[in-house]
Amino acid sequence: MSINPIRPWRNIERRRSRQIMVGTVPVGGDAPISVQTMTNTDSSDVSATLAQIVAAAEAGADIVRVSTPDQSSTRALREICRESPVPIVADIHFHYKRALEAAEAGAACLRINPGNIGDSARVAEVVRAARDHGCSIRIGVNAGSLEKHLLEKYGEPCPDAMVESGLDHIKLLQDHDFHEFKISVKASDVFLAAAAYQQLAEATDAPIHLGITEAGGLRGGTVKSSVGLGSLLWAGIGDTIRVSLSADPVEEVKVGFEILKSLGLRTRGVQVISCPSCARQGFDVIKTVEILEQRLEHIKTPISLSIIGCVVNGPGEALLTDIGFTGGGAGSGMVYLAGRQDHKTSNEGMIDHIVELVEERAARIEAEAAAAATDAAE
């Protein structure tokens with residue numbers, strides 16, 4: 001829950017849900033909203049897949065999904081799961097034996113559509129494998145692959161059809177006394193996805209995995225996902241998210257974190273507050289921000305940084321950030337620390353100077369946290 005007693009209009013009251021574990025990552029309940037992505041390598045290529053997983057984890061991914069369409073990919077999954085720095089979700093479609101193999105290989109979670117697995121006996125086998133190997137399950141409903149009888153009943157993909165599909169799948173697992181599951185009802189249409197998720201949130205206490213599926217490329221998909229996921233998260237719905245982009249999985253992670261950071265639901269790395277620039281700017285704001293974002297990617301400690309081109313809004317924004325720089329005149333600007341004017345620095349050297357200030361603050365925060373943890377343990 002995001003609680004701000006000073007500014008109550010910023011509060012977000014999260015929907016109450018059960019908590020499950022995806023490997024070492026808690027999902028649901030009072031756990032932080034986790035960020036997930038998916039590899040797009042050939043899953044049987046262990047080195048390429050692991051490289052992508054590591055890059056995603058370094059960008060902040062809590063969970064990574066890997067498609068396992070055939071036996072060669074489930075064989076490779078054993079080493080992938082063993083070497084991965086984050087829990088792995090095995091993506092299963094149609095063939096129930098892939099789910100059995102993935103569970104045995106060490107997957108933390110199985111993404112399945114129980115209705116596609118087969119009869120009750122096969123579902124029971126998958127549930128038994130998940131239970132025996134400590135796997136959770138994600139029920140994945142997609143507007144593009146709804147069951148034929150639901151399309152005949154409703155005439156087209158709609159929120160009622162998607163939620164009915166999801167609840168039917170929940171019953172399949174619960175009939176086998178399995179409750180370690182989360183659920184998604186994804187669609188590429190923002191309106192359809194949002195309505196389905198809102199309805200689903202009222203119908204079950206299971207953790208909800210949010211996503212706007214097939215959202216598009218980096219720019220269009222980012223906007224689409226931000227609108228859809230942002231509105232649901234703002235309403236308190238969602239326990240884990242995946243931004244689906246036709247782009248590098250690392251970009252999905254970055255966008256996911258930015259959505260959560262904008263709502264105060266997660267904090268990680270440097271949050272840059274910057275102006276769009278205009279004729280008043282005392283330095284090249286756009287180029288400066290571009291360089292700073294690249295050079296500060298390695299910072300994981302939450303720090304706010306304002307980069308404002310002139311004194312119209314610069315001092316006010318600096319009051320609310322850890323570090324700020326406001327453009328002035330004569331080739332220099334003012335540096336603010338903890339909301340207060342501190343010193344001037346030249347435009348020419350200000351990027352290096354700001355990077356140094358951010359790194360110093362991050363190191364200090366980390367040292368203080370480590371000292372506090374040591375004191376608490378003693």
Side-chain angles (χ1 to χ4, degrees), residues 2-12 60 218-220 222-227 229-231 233-234 243 251 254-365:
S2 172
I3 296 297
N4 189 320
I6 299 174
R7 302 178 182 88
W9 35 267
R10 292 178 60 97
N11 291 346
I12 293 177
L218 182 55
R219 181 181 297 176
T222 293
V223 172
K224 201 172 184 181
S225 296
S226 298
V227 171
L229 303 188
S231 63
L233 291 165
W234 201 336
V243 176
E251 297 298 333
K254 291 178 179 178
V255 172
F257 255 103
E258 289 301 324
I259 292 171
L260 294 175
K261 283 161 65 176
S262 71
L263 293 169
L265 293 168
R266 288 286 296 269
T267 55
R268 184 184 192 276
V270 180
Q271 182 174 20
V272 178
I273 295 160
S274 60
C275 68
S277 79
C278 68
R280 294 191 303 267
Q281 67 180 354
F283 61 97
D284 188 337
V285 174
I286 293 174
K287 187 64 175 177
T288 297
V289 170
E290 180 183 347
I291 295 171
L292 283 171
E293 285 182 335
Q294 293 172 353
R295 291 190 56 182
L296 295 173
E297 278 189 342
H298 65 291
I299 301 293
K300 297 178 174 61
T301 306
I303 292 174
S304 55
L305 170 66
S306 59
I307 304 294
I308 310 296
C310 75
V311 296
V312 173
N313 292 322
E317 293 292 350
L319 287 173
L320 303 174
T321 54
D322 298 315
I323 298 170
F325 181 82
T326 296
S332 67
M334 180 62 68
V335 175
Y336 294 77
L337 300 178
R340 297 176 179 274
Q341 282 191 13
D342 194 88
H343 60 276
K344 284 189 175 183
T345 192
S346 69
N347 293 348
E348 184 180 353
M350 63 103 142
I351 290 178
D352 288 339
H353 185 55
I354 289 171
V355 169
E356 183 180 356
L357 289 172
V358 171
E359 289 177 337
E360 287 176 352
R361 181 172 179 83
R364 186 166 63 252
I365 292 172

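Being a predicted model, the structure only gives us computed values, none of them experimental.
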Where [X] and [Y] come nearest, the two heavy atoms and their spacing:
| X | Y | value |
| --- | --- | --- |
| Ile286 | Pro276 | CD1-O, 4.0 Å |
| Glu293 | Glu297 | O-CG, 3.1 Å |
| Cys310 | Thr326 | O-CG2, 3.2 Å |
| Thr321 | Ser304 | CA-OG, 3.2 Å |
| Ser306 | Ala318 | OG-CA, 3.7 Å |
| Val335 | Leu357 | CG1-CD1, 3.8 Å |

Would you list the pairs meeting ring-ring contact (aromatic ring centres under 6.0 Å, His included) in which at least one residue belongs to [range], sequence neighbours left out?
| range | value |
| --- | --- |
| residues 294-313 | none |
| residues 301-326 | Phe283-Phe325 |
| residues 326-349 | His343-His353 |

Listed by chain and number, what are the salt bridge (charged side-chain N to carboxylate O under 4.0 Å, His left out) partners of [X], not counting sequence neighbours?
| X | answer |
| --- | --- |
| Arg295 | Asp352 |
| Lys300 | none |
| Glu258 | Lys261 |
| Glu360 | none |

Determine, stepwise, if the pair Val243 / Thr222 fulfils side-chain contact (heavy atoms from CB on, under 4.5 Å).
CA-CA 8 Å; Val243 176; Thr222 293; 5.6 Å; no
Quick one: does Leu305's side chain get under 4.5 Å of Leu296's, heavy atoms only?
yes
Does Val358 reach the side chain of Ile323, with side-chain heavy atoms less than 4.5 Å apart?
yes
Which residues pass the side chain to side chain contact (heavy atoms under 4.5 Å, CB included) test with Glu290, sequence neighbours left out?
Lys287, Gln294
Does anything in residues 304-332 form a salt bridge (charged side-chain N to carboxylate O under 4.0 Å, His left out)? List the pairs, not counting sequence neighbours.
Asp322-Arg361
Using the side-chain contact (heavy atoms from CB on, under 4.5 Å) rule, take Val272 and Leu292 through it: C-alpha gap first, then chi angles, then the decisive distance, then the call.
CA-CA 9 Å; Val272 178; Leu292 283 171; 5.7 Å; no
Please identify each residue that fulfils side chain to side chain donor-acceptor pair (under 3.5 Å) with Thr301, with sequence neighbours left out.
Glu366
Considering residues at least two apart in sequence or located in another chain, which fulfil the side chain to side chain donor-acceptor pair (under 3.5 Å) criterion with Asn347?
none
CD1 of Ile307 to CD1 of Ile273: how many Å apart, nearest 0.5 Å?
10.0 Å
Run the numbers on Ile354 and Thr288 for side-chain contact (heavy atoms from CB on, under 4.5 Å), then give the verdict.
CA-CA 11 Å; Ile354 289 171; Thr288 297; 5.6 Å; no
Pairs involving residues 264-283, ordered by first then second residue, that meet side chain to side chain donor-acceptor pair (under 3.5 Å) (sequence neighbours left out)
Asp62-Arg266
